[in-house]
Number of protein chains: 2
Amino acid sequence: MTMSNTGGRRRPPTIHDVAREAGVSRGTVSRVLNGGHYVSPAAQEAVNAAIRKTGYVVNRHARSLITGRSDSVGFLLTEPQERFFEDPNFNVLLRGCTQALAAHDIPLLLMLAGTRDERRRITRYITAGHVDGVLLVSSHSGDPVAEELRAAGVPLVACGKPIGLGSKVSYVAADDRDGARDMVRHLLSLGRRRVGVVTGPLDTPGGVERLAGYREVLDEAGVGFDERLVVSGDYSRASGEAGAERLLTQAPDVDAVFVASDLMAQGVLAALQRAGRRVPEDVAVGGFDDSPAAVAASPELTTIRQPWDRISAEMVRVLLAQIGGEDPAAVILPTELVRRKST
Amino acid sequence: MTMSNTGGRRRPPTIHDVAREAGVSRGTVSRVLNGGHYVSPAAQEAVNAAIRKTGYVVNRHARSLITGRSDSVGFLLTEPQERFFEDPNFNVLLRGCTQALAAHDIPLLLMLAGTRDERRRITRYITAGHVDGVLLVSSHSGDPVAEELRAAGVPLVACGKPIGLGSKVSYVAADDRDGARDMVRHLLSLGRRRVGVVTGPLDTPGGVERLAGYREVLDEAGVGFDERLVVSGDYSRASGEAGAERLLTQAPDVDAVFVASDLMAQGVLAALQRAGRRVPEDVAVGGFDDSPAAVAASPELTTIRQPWDRISAEMVRVLLAQIGGEDPAAVILPTELVRRKST
DNA sequence: TTCTCTACTGTGAACGCTCACAGAAGCATG
DNA sequence: CATGCTTCTGTGAGCGTTCACAGTAGAGAA
């Protein structure tokens, strides 16, 4: 029983305790802690032994106070909160970022900027230097928080190409256009010629790019573009359902649909089913994301995989580089067609 | 242009700057910052004006260094990570906790303890005092991290009744048994008599309680208990699908199913559909959670709402109370039957 | 007047760490 | 022998707060 456990916590050992235990000075312990340059092997060893023995863990507040760094980063969501809950992609991204940061021993602070007040509070918190950088999820345009952070010089990496922030903001994104091309080519290769599309929100680069890829392939295949085959959605399940209904009205002969998100594709499947169309026999359906929703759908969705694990890893890499003084960077990652039952 | 914006960030104002600006001492500013007791109205006013003028934000690291508090809490997930992504409840809980904490200006640190290494690192981080308390999501038994934290005297609030941690750990949970009772009563009230159940994992209190509620109502209604009507799952969609298949084999005359989670209920619906049973005409299906999955299902699920917003709010309240020195507490919250299309 | 009490204010010390600097020791070079 | 260089080590200062304490001013009571 080394620990009296009556509610209060014992005062943890300090760098001083370690120094005394190892028979060296605070400075030497600090040097060992920070890379071990200019430390003799003997001292190195003694300090490490003392750290193990005392169970020392550095006090990050004391360190931050003098270094000016916080050694933590924020994960900021300025989207309308609903999307967060409905879209499984956020989970995957959040998890990936948390783990990638954990590998660097950097905690992730979750920040949800929903209301005006929350936005103000969070902006203050960040610009006050309480985090070293921010991972940003905000695909819609005109985001005042992001703009303010950028102006304040806070290292920032967005997920997906941000709008209206100039070229000074780093971002990591999947190759939306190329992914869309792959999917539409796949649908054409099945012999379908009346290929519809349910787009994402067209005020986001992702939405625009996926639509552009669709058009490109139709052009290159010599299949005419028919605007009755195009309806727009907002990535939500409900908008997919509504979109499919509109599509069936405008172009009843549709024999394939490229849907710009898996969640919308779920809605499309439901609407088609209700209309008595069989998938994939009557209408082939292709999604986008390869989110958990793709496997949960029935039939399971053929979709375009966004490499979320790589996206999150790259976001963290770019952010840390930027915190380290490097210039902003843009990273585009390749997508992959995943064939399942819906095509 | 008050801010030179060439990459570096300007040194933020300190309490000293505010004191000089307001013509008072650091101590007075500090008192205003911490509640304003024993401060004259005039000084109060002057300090607030100076804070607004300078844009001062307290340096939390300096504060933490001396107070010993970190004014932050961890949100710790020790579940197998997959559940996190599949189960929409986690999102709602995470969001609720983040927002409830934000109201107290307390940041939430997301901690995912998947691997052994991660567990060790996180345990060290927490016991070193880098967070004041922990919100714990870990319904399965034998969680070494939780036990270690409890032993170290870290304020801890679990979501759902934890197993094997003695009574010293606070928790907040929905009234699982009562919810199950409501649902089964509802199914009986529809005239169904062959009511099956797909349970949750039976090494968790939630799973056990929901099954107990089911049995209680059958007993009280004089409907005999038939073990062929009972299959067990693990809250995952896939296990619901498998469970329903087993149920149809063991008891083909089943006319209602109480499923212990919405996600499993999705799987049950899929399996029933495949087997040619109509819902709700042939088989009524009741879920549990009222997660987004309930509305996404087709037909939309009748389910038992867990009051996630209240659960998260209570978790935060209890945790902060405990950090403030109060004793651990258990909170049980009522559930609510939500009728939709599946019954 | 003198004392006590309350309301308020300022000051130095401390929290635990890193950083800059000074210096010691060892070795090669002039 | 002095000089310089490299490698290593210890020391004092200071990061921006809070806290304990000392002190002041004014009001009321003796």
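Atom P of nucleotide D/dG16 and atom NE2 of A/His130 are separated by 12 Å, given to the nearest angstrom. Straight-line distance from the CZ atom of B/Arg20 to the P atom of C/dT11: 14 Å, rounded to whole Å. Spacing between atom CG of A/Asn34 and atom P of C/dC19 amounts to 6 Å, rounded to whole angstrom units. The CG-C1' distance, from B/Leu65 to D/dT18, rounds to 10 Å in whole Å. One interatomic measurement links the two molecules: CZ of A/Arg69 to C1' of C/dT18, which rounds to 10 Å at whole-angstrom precision. Taking atom NE2 of B/His37 as the reference point, atom C1' of C/dT6 lies 16 Å away to the nearest angstrom. Distance CD1 (B/Ile15) to P (D/dC19): 11 Å, rounded to an integer number of Å. Spacing between atom NE2 of A/His61 and atom P of D/dT18 amounts to 14 Å, rounded to whole angstrom units.
Dashed line: the shortest gap from a side-chain N or O of B/Asn59 to OP1 or OP2 of D/dC15 is not under 4.0 Å. Proximity of A/Ser40 to the phosphate of D/dT9: a side-chain N or O atom is located under 4.0 Å from OP1 or OP2. Taking side-chain N and O atoms only, A/Thr28 has a distance below 4.0 Å to OP1 or OP2 of D/dG10.
In terms of modelled atom types and a separation under 3.5 Å, the side chain of A/Asp17 and the main chain of A/Thr14 share a donor-acceptor contact. Side-chain atoms of A/Glu118 come within 3.5 Å of backbone atoms of A/Thr115 as a donor-acceptor pair (strictly under, hydrogens ignored). Listed for the B/Thr127 side chain is a donor-acceptor partner under 3.5 Å among the backbone atoms of B/Thr123.
Environment of CD in B/Glu148: sparse, with no more than 12 heavy atoms of neighbouring residues, nucleotides or ligands closer than 6.0 Å.
Side chain of B/Ile66, nearest nucleotide from C/dT18, D/dT17, D/dT9: D/dT17. The side chain of B/Arg26 has D/dT18 as its nearest neighbour among D/dG16, D/dT18, C/dT18. Of the candidate nucleotides D/dT17, C/dG10, D/dT7, D/dT7 has the atom nearest to the side chain of A/Tyr38.
When the nearest nucleotides of DNA chain C are assigned to A/Val29 and B/Arg31 by heavy-atom distance, the more 5′-ward of the two goes with B/Arg31. Toward the 5′ end of DNA chain C lies the nearest nucleotide of B/Ser25, the other residue of the pair B/Ser25 and B/Ala62 mapping further downstream.
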**Request:** Go through A/Leu93 and A/Met315 one step at a time and tell me if the side chain to side chain contact (heavy atoms under 4.5 Å, CB included) criterion holds.
**Result:** CA-CA 10 Å; A/Leu93 188 67; A/Met315 283 179 73; 4.0 Å; yes
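No engagement by B/Arg60 is indicated, since no non-hydrogen atom pair under 4.0 Å with the nucleic acid exists.
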